[in-house]
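A, B, ... follow the sequence lines: proteins, then strands. Residue 1 opens every chain.
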Amino acid sequence: MSSDQIHLTLPNGDILELPRGSTAGDVARAIGPGLAKAALAAVVGDRLVDLMTPIEVDADVRILTDKDPESLDVLRHSAAHVLATAVREMRPAAGIGFGPSIEEGFYYDFDVEAPFTPEDLADFEAKMNEVIDADYPFERRQVTREEAQELFADDPLKLERLEELGDDEIITVYRDGPFLDLCRGPHVPSTGRLKHIKLLSGAGAYWRGDEKRQMLQRIYGTAFVKKDDLEAYLRRLEEAKKRDHRRLGRELDLFSTDERVGQGLILWHAKGALVRMEIENYERELILRHGYQVVYTPHIMSEKIFEISGHLENFKENMFGAMEVEGAFFRPKPMNCPGHIAVYQSQQRSYRDLPIRMAEFGTVYRYERSGVLHGMLRVRGFTQDDAHVFCTPEQVTKEVERLLDLVDEMLGTFGYPYTIELSTMPEKALGTKEEWDEAVQLLADTLSARNVPFDIDEGGGAFYGPKLDFKLIDAIGRKWQGPTVQLDFNLPDRFDMSYIGEDNAPHRPVMLHRVLVGSMERFVGGLIEHYAGAFPTWLAPEQVRVLPVSEQWERSAGALVADLKLAGVRATLESRETLGYRIREAETLKIPYMGVVGEREASDRSVAVRKRGAGKKQEVMDRQLFVDMILEEIRSRTLG
RNA sequence: GCUCUGGUAGCUCAGUGGUAGAGCGCAUCCUUGGUAAGGAUGAGGCCGCGGGUUCAAUCCCCGCCCAGAGCUCCA
């Protein structure tokens, strides 16, 4: 076997022998002209590379075509270069920053005098299509540091990036037509391989994401292999817009904000409050069944307790300022844990008392910078369905398991599939590395023991402990922050918490923080989008709207409303305007059921039931059956 | 907080250096309807707030407040 040959193993097990330094493109050509033409990139070993990168050692090689999901990343990264190509053609003075592919597309940051207008984006997109039509090959070239410095002499941002590259790193540049970029790759073979691109928006972005650095102008776009995929993505953006909880919140009269009240503070209207109340009632019933006790603690507390808890040390920038009362300082609480600990410490605890599972719908206030506020999803005052489990070290695993069950039951009720992330020690943290490792291990073991899959979020823990984050997946596939379970080996120390053990000596309890919905505000905001405003009957603020065909049948219809109300169903009577108008209105308001009463129904005490979204497919049924059906639907919290 | 964009009737939005319009909604009247908009009439505006330029500002300029798209950060 000669040393200038390498052996490349293909996915089907075949081994190709090629000269050392051959590229993945050569591999594709060796396999066949069809694949050579279809190839976009390749995976060599475990590395994603382009077809121009030389291969120096024996490896497994897999050629990627537009059928492989990995090639989408490459495609989008190349699209970012094509964007920069277009921008540089039209604005030669534009400085260039970074241009990576991201989850749903790509962006490129430019250093320009003035922000881009929507018209600019349209022009750039047109230019991009010219670049694509020109089908410039992407040329990869390895260069020395000195060469690179010369090539990018006029691009200070690129020079800065170059500075950071270690001496042992390979420096490569990529050219497509007139545009040259410092870039690690990989790229598709030529610009003509990009078929379906779309520029989406422009916005400011700090250089290197650092708010102390200059603001660049970022252009977001996306690219897909297939036209259908691009169109489906754009449709999904439209769908997301339609579901926007701020818009539905107003249209359905669920909540509002008021600048006189202040930024990031939610006014729950009667209908929104009903949705929240149902969730709270459900959850209270759920947790009492799961062995929790419910407490209430004050909204403001003396600063002393936040000194003990470490919040003034670690969370101060998120806390509202102090208010002075008779020489003492008070603050709105940013978390509920200190209050719960104080309840725990109101008496001496025995191991026989543990575990104590203490819950509260606790309203907390956090100072959030104005720019991050967003509808109900990011606010300054919110109510957490907070709970703390105080237990012995031996009980932790069991308690975590119980929490997994609780979360599973709760999320099932709302129809959310979910994934789990385990977050580890962040930079700014209380406690020792050993305590953290122990806690992380315990959580991981508990999940593994039940065969629950999870991802690791390195450094994503809260400052006081590692956590499990449950990510909800909504009806259109978006991820939302869901329940969290956090282990805390720190607060018990800071508060010097104890319980008396079997040995008649004091011991330190373990503390678990957990939320299910997280914040009522964020959860309801998310639910509005998940259900697109069409709440399942048990949550719907108005469950049944009864419509007499004409005012003549108002008495009969009114009797039905009375029956429904008596049974505990939220029902209303609407008799103005035409029947068609009222049906349209009820559909628009996404009321789950309409009950139409006319001559026929009045005479035999029935009702024509029209279900939301079902159009003319209605069912005439006995009124008692109708009431029972609704009640059962509410009782079982049926979805959709 | 930063960059940009916006703020006109309850909502969605037009509009102009000479104090303002549409559709929906709302009110009243007519209509008494059979499954997604019946008709007529009418009310409703500190044109976000403060200052400046101007004979004159909703419009131009400055500051502030609020909202939106992002950046950074989070339940």
Chemist: Report the distance from atom CG of A/Leu121 to atom P of B/U5, rounded to the nearest whole Å.
Modeler: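 After rounding, the gap between these two atoms is 14 Å.
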Chemist: Please give the distance between the C1' atoms of B/C49 and B/U12 as a whole number of Å.
Modeler: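 The same atom, C1', in both gives a distance of 24 Å.
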Chemist: With sequence neighbours left out, write down each residue that passes ring pair (Phe, Tyr, Trp, His ring centres under 6.0 Å) with A/Tyr593, or none if nothing qualifies.
Modeler: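 Listed in chain order: nothing, the list is empty.
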Chemist: Measuring only the P atom in each nucleotide, how far is B/G50 from B/C66? A whole number of Å is fine.
Modeler: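 The answer is 16 Å between these two P atoms.
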Chemist: Just jot down the side chain to side chain donor-acceptor pair (under 3.5 Å) partners of A/Arg478, sequence neighbours excluded, or say none.
Modeler: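 With sequence neighbours excluded, A/Arg478 shows a side chain to side chain donor-acceptor pair (under 3.5 Å) to A/Asp474, A/Glu529, given in chain and number order.
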Chemist: On a whole-Å scale, what distance lies between the C1' atoms belonging to B/C26 and B/A9?
Modeler: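 About 11 Å, rounded to a whole number of Å.
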Chemist: Excluding sequence neighbours, so at least two apart, what forms salt bridge (Lys or Arg N to Asp or Glu O under 4.0 Å) with A/Glu521?
Modeler: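 With sequence neighbours excluded, A/Glu521 shows a salt bridge (Lys or Arg N to Asp or Glu O under 4.0 Å) to A/Arg276, given in chain and number order.
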Chemist: Sugar-phosphate atoms are those with a prime plus P, OP1 and OP2; base atoms are the rest. Using that split, label each nucleotide of nucleotides 33-47 of chain B B, S or - for protein heavy atoms under 4.0 Å, 5' to 3'.
Modeler: BBBBBB---------
Chemist: If the condition is ring pair (Phe, Tyr, Trp, His ring centres under 6.0 Å), which residues does A/Phe98 pass it with, not counting sequence neighbours?
Modeler: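 With neighbours one apart ignored, the set is A/Trp207.
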Chemist: P atom, B/U58 versus B/C47: distance in rounded Å?
Modeler: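 These two P atoms come out 7 Å apart once rounded.
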Chemist: Suppose we screen for ring pair (Phe, Tyr, Trp, His ring centres under 6.0 Å). Which residues come up paired with A/Tyr233, at least two apart in sequence or across chains?
Modeler: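 For A/Tyr233 the ring pair (Phe, Tyr, Trp, His ring centres under 6.0 Å) partners, ignoring immediate neighbours, are A/Phe224.
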Chemist: For A/Gln217 and B/U5, give me the distance from atom CD to atom C1', rounded to whole Å.
Modeler: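 After rounding, the reported distance stands at 12 Å.
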Chemist: Please measure how far the C1' atom in B/C73 lies from the corresponding atom in B/G1, and state the result in whole Å.
Modeler: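 It comes out at 11 Å once rounded to the nearest Å.
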Chemist: Within the 4.0 Å limit for protein heavy atoms, which parts of nucleotides 64-75 of chain B are touched? Write it as a string from 5' to 3', B for base, S for sugar-phosphate only, - for none.
Modeler: -SSSSSBBBBBB
Chemist: Expressed as a whole number of Å, how far does the P atom of B/G48 sit from that of B/A57?
Modeler: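 Each nucleotide's P atom is 15 Å from the other's.
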Chemist: Taking side chain to side chain donor-acceptor pair (under 3.5 Å) as the test, write out the residues that go with A/Asn281, two or more places apart.
Modeler: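 So A/Asn281 forms no side chain to side chain donor-acceptor pair (under 3.5 Å) with any residue.
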Chemist: Is there a donor-acceptor contact under 3.5 Å linking the side chains of A/Thr363 and A/Lys333?
Modeler: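 No - no donor-acceptor pair under 3.5 Å links their side chains.
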Chemist: Taking side chain to side chain donor-acceptor pair (under 3.5 Å) as the test, write out the residues that go with A/Tyr365, two or more places apart.
Modeler: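 Testing A/Tyr365 for side chain to side chain donor-acceptor pair (under 3.5 Å), a comparison that skips the adjacent residues, returns none.
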Chemist: Would you measure the distance from the C1' atom in B/A20 across to the matching atom in B/U72 and give it in whole Å?
Modeler: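 Taking atom C1' in both B/A20 and B/U72, they lie 42 Å apart.
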Chemist: On a whole-Å scale, what distance lies between the P atoms belonging to B/U54 and B/C59?
Modeler: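 Per the computed distance, 16 Å lies between those P atoms.
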Chemist: Please identify each residue that fulfils side chain to side chain donor-acceptor pair (under 3.5 Å) with A/Tyr220, with sequence neighbours left out.
Modeler: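 Applying side chain to side chain donor-acceptor pair (under 3.5 Å) to A/Tyr220 gives A/Arg218.
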Chemist: Pull out every stem in RNA chain B, meaning runs of 3 or more consecutive Watson-Crick or G-U wobble pairs with both distances under 3.5 Å.
Modeler: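 Ordered by first number, the stems with RNA chain B (at least 3 consecutive pairs each) read B:1-7 with B:65-71, B:10-13 with B:21-24, B:26-30 with B:38-42, B:48-52 with B:60-64.
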Chemist: Just to verify, what does A/Tyr108 make a ring pair (Phe, Tyr, Trp, His ring centres under 6.0 Å) with, not counting sequence neighbours?
Modeler: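 A/Tyr108 satisfies ring pair (Phe, Tyr, Trp, His ring centres under 6.0 Å) with A/Phe110 only.
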Chemist: Whole Å only: how far is the CG atom of A/Leu248 from the P atom of B/C11?
Modeler: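 Atom-to-atom, A/Leu248 to B/C11, this comes out as 16 Å.
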Chemist: Hey, are A/Glu458 and A/Thr424 close enough side-chain-wise for a donor-acceptor pair under 3.5 Å?
Modeler: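 Yes, a side-chain donor-acceptor pair sits under 3.5 Å.
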